[in-house]
Amino acid sequence: MTPGFCKFAFVMLAIGWYLIRYKYARRSNRTPVLRSARGPRETALLAISLTGLGVIPLFYVATGIPHFSAYAPWPVQGWLGLVFAAVSLLMFQLTHRALGRNWSVSLDVREDHRLVTDGVYRRVRHPMYSAFWLWAVAQALLLPNWVAGFSGIIGFGILFFGRVAREERLMLETFGEPYREYMSRTYRVIPMIF
Ligand code: SAH
């Protein structure tokens, strides 16, 4: 796969993600928020993640900067990246569809919030974060640049590890025992492993 096609595939991942999100965000944002764990810390985490998964790699795709950290990719790297990107988009679609109006970009509890525990939520509590991890890996494989490729894993990693325990605490405070029971039989992002 040529470097140009790999860059094109990354841009398609970003556009595909945006289109899926736009469709579902319009619906959920019309549902009032009852409680929220938002704040400056959440805003900072979101900005870091957006920079790592979007701003840095898209700037690299447009300009080739930073040049110093470019390397020669390994032959199947681009193809593997394409597979990760496709699975990531599929997971985004499935998780948005399953969460419906319960989705928020940050940590919110909406009116008539329903605890989703089926479909892609059956074995894993954070499959949308799994989709972002897949994105971050796709980015590292598609962009042969140490900085622009790995900024997604670092940026999203900071959001994930800074947020996930707080999100689970919010879910426990909201749903109590059913969420505790759900936690006891599920993993965070990878079925059977993590
Ligand atoms: N962490 C989940 C959801 C990300 S969207 C995932 O990765 O798939 C973040 C919002 O989803 C938060 O506002 C939280 O209130 C809500 N949420 C998280 N888990 C949920 C669940 N199992 N059912 C319903 N809403 C959930």
Side-chain angles (χ1 to χ4, degrees), residues 13-14 16-54 84-139 152-194:
L13 170 62
W17 168 80
Y18 183 81
L19 292 176
I20 293 169
R21 175 135 290 182
Y22 182 79
K23 180 170 98 181
Y24 288 98
R26 265 193 351 177
R27 287 186 214 156
S28 64
N29 288 340
R30 282 201 295 256
T31 309
V33 171
L34 296 183
R35 310 174 50 200
S36 183
R38 289 189 191 220
R41 177 199 158 105
E42 263 299 309
T43 308
L45 291 175
L46 274 171
I48 292 168
S49 178
L50 182 72
T51 304
L53 290 170
F84 273 87
V87 180
S88 169
L89 277 184
L90 177 70
M91 281 298 289
F92 266 120
Q93 165 65 26
L94 293 174
T95 51
H96 260 299
R97 193 164 67 192
L99 271 185
R101 290 164 194 278
N102 306 301
W103 175 81
S104 288
V105 72
S106 190
L107 299 183
D108 300 327
V109 175
R110 294 187 185 273
E111 198 173 273
D112 296 322
H113 203 113
R114 188 172 72 83
L115 177 63
V116 178
T117 60
D118 46 16
V120 271
Y121 283 83
R122 195 186 181 86
R123 284 167 213 285
V124 167
R125 298 194 286 286
H126 304 289
M128 190 173 285
Y129 300 156
S130 316
F132 278 112
W133 281 118
L134 290 166
W135 167 314
V137 173
Q139 177 181 336
I153 292 176
I154 293 170
F156 182 68
I158 292 172
L159 171 78
F160 177 80
F161 290 106
R163 179 195 263 190
V164 75
R166 289 159 59 93
E167 179 168 340
E168 292 183 347
R169 203 173 321 132
L170 178 70
M171 295 289 95
L172 274 172
E173 286 163 9
T174 307
F175 298 106
E177 198 45 42
Y179 195 76
R180 197 179 306 281
E181 189 267 324
Y182 175 57
M183 284 178 85
S184 71
R185 64 185 158 86
T186 50
Y187 290 83
R188 272 184 170 159
V189 281
I190 309 175
M192 330 280 268
I193 299 172
F194 173 62

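Counting convention: from 1, in listed order, for ligands and their atoms alike. In this chain, numbering begins with 1 at the start of the sequence shown.
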**Q.** Nearest protein heavy atom with distance in Å, relative to atom 9 (C) of ligand 1
**A.** S104 O, 3.4 Å
Q | Donor-acceptor contact present, side-chain W135 to main-chain L53, <3.5 Å | A | yes
Q: State whether the shortest distance between N or O atoms of Y129 and N or O atoms of ligand 1 falls below 3.5 angstrom.
A: yes
Q) Per the side-chain hydrogen bond (donor to acceptor under 3.5 Å, both in side chains) rule, which among H126, R163, R180 passes with E168? A) H126
Q | Between CZ on residue F132 and CH2 on residue W17, distance to nearest 0.5 Å | A | 5.5 Å
Q.
Quick check against the 3.5 Å criterion: does S36 have a side-chain atom that pairs as donor or acceptor with the backbone of L107?
A. yes
Q | Interfacing atoms of ligand 1 (cut-off 4.0 Å, heavy-atom, H113) | A | 15 (O), 24 (C), 25 (N), 26 (C)
Q | R114 neighbourhood, listing ligand 1 atoms whose heavy-atom distance to it stays under 4.0 Å | A | 23 (N), 24 (C)
Q: Select one of side chain, backbone, both or neither to describe which atoms of V116 lie under 4.0 Å from any atom of ligand 1, heavy atoms only.
A: both
Q: Verify, without hydrogens or angle tests, whether S49 (side chain) and L45 (backbone) share a donor-acceptor contact under 3.5 angstrom.
A: no
Q.
With heavy-atom distances below 4.0 Å as the criterion, list the atoms of ligand 1 near S106.
A. 9 (C), 10 (C), 12 (C), 13 (O)
**Q.** N or O pair under 3.5 Å between D108 and ligand 1
**A.** yes
Q. Y182 and Y179: aromatic ring centres closer than 6.0 Å?
A. yes
Q: Please identify which atoms of ligand 1 are closer than 4.0 Å to at least one heavy atom of W103.
A: 5 (S)
Q: Could you tell me which non-hydrogen atom of S28 sits nearest to which non-hydrogen atom of R110, and how far apart they are?
A: O-NH1, 3.0 Å
Q) When you measure from atom 20 (C) of ligand 1 to every protein heavy atom, which one gives the shortest distance, and what is it? A) M171 SD, 3.8 Å
Q: Under 4.0 Å, heavy atoms only, figure out whether ligand 1 is touched by the backbone of V164, its side chain, both or neither.
A: neither
Q.
Could you tell me, atom by atom, which parts of ligand 1 come under 4.0 Å of a heavy atom of L107?
A. 13 (O)
Q) For atom 3 (C) of ligand 1, what's the nearest protein heavy atom and its distance? A) E167 OE2, 3.5 Å
Q. What distance separates F156 CZ from I154 CD1, expressed to the nearest 0.5 Å?
A. 14.0 Å
Q. Is a side-chain donor or acceptor of R101 paired with a backbone partner of T31 at a separation under 3.5 angstrom?
A. no
Q: For Y121, take its heavy atoms, then give the atoms of ligand 1 lying under 4.0 Å from any of them.
A: 6 (C), 8 (O)
Q) Got an N/O contact under 3.5 Å between M128 and ligand 1? A) yes
